[in-house]
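Presented below is the structure to which this report refers.
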Amino acid sequence: EEFEATKAAFLGAGGTEALDITMGSVTTNKYQLQIPKCDVWNPQRSDPGPSGPIMLDITFMGTFSAADSAAIVLTKAVT
């Protein structure tokens, strides 16, 4: 249900949501990319059927977040 709400927010036209991605699989060798205020335009979703990957092509822009004093936050060595 949480996934469906997030998907609906990003697939809606002109939505502003937080985007938070952790890259890597080994503790302390991972990076976390956070865009606290992410504006999304024109998302395109493909559905290849039950056996293929679902692709989401989005145009996005991080806007300034006063709480983080930045538009994009990159953290290294996350657990």
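The analysis underlying the following values was restricted to heavy atoms, covering all of them including side chains, and did not include hydrogens, waters or symmetry mates. Quantities reported herein were computed from a predicted structural model and do not represent experimental measurements.
Between Leu19 and Ile21, some side-chain heavy-atom pair lies under the 4.5 Å cut-off. Counting heavy atoms from C-beta outward, Gln32 and Asp20 have side chains that approach closer than 4.5 Å. Contact of the Tyr31 side chain with the Val78 side chain is not registered, since no non-hydrogen atoms from C-beta on lie closer than 4.5 Å.
Contact record, Lys30 with Thr22: CD-CG2, 4.0 Å, taken as the closest heavy-atom pair. Taking every heavy atom of both residues into account, Pro36 and Asp68 meet most closely at CG-OD2, 3.1 Å. Pairing each heavy atom of Phe64 with each of Lys37, the nearest pair is O-CD, 3.5 Å. Heavy-atom minimum distance, Gly52 versus Pro48: C-CG, 3.4 Å. Minimum heavy-atom separation, Ala71 to Gly62: CB-O, 3.7 Å.
With hydrophobic clusters built from ILVMFWY side chains whose heavy atoms lie under 4.5 angstrom apart, Ile72 shares a cluster with Phe60.
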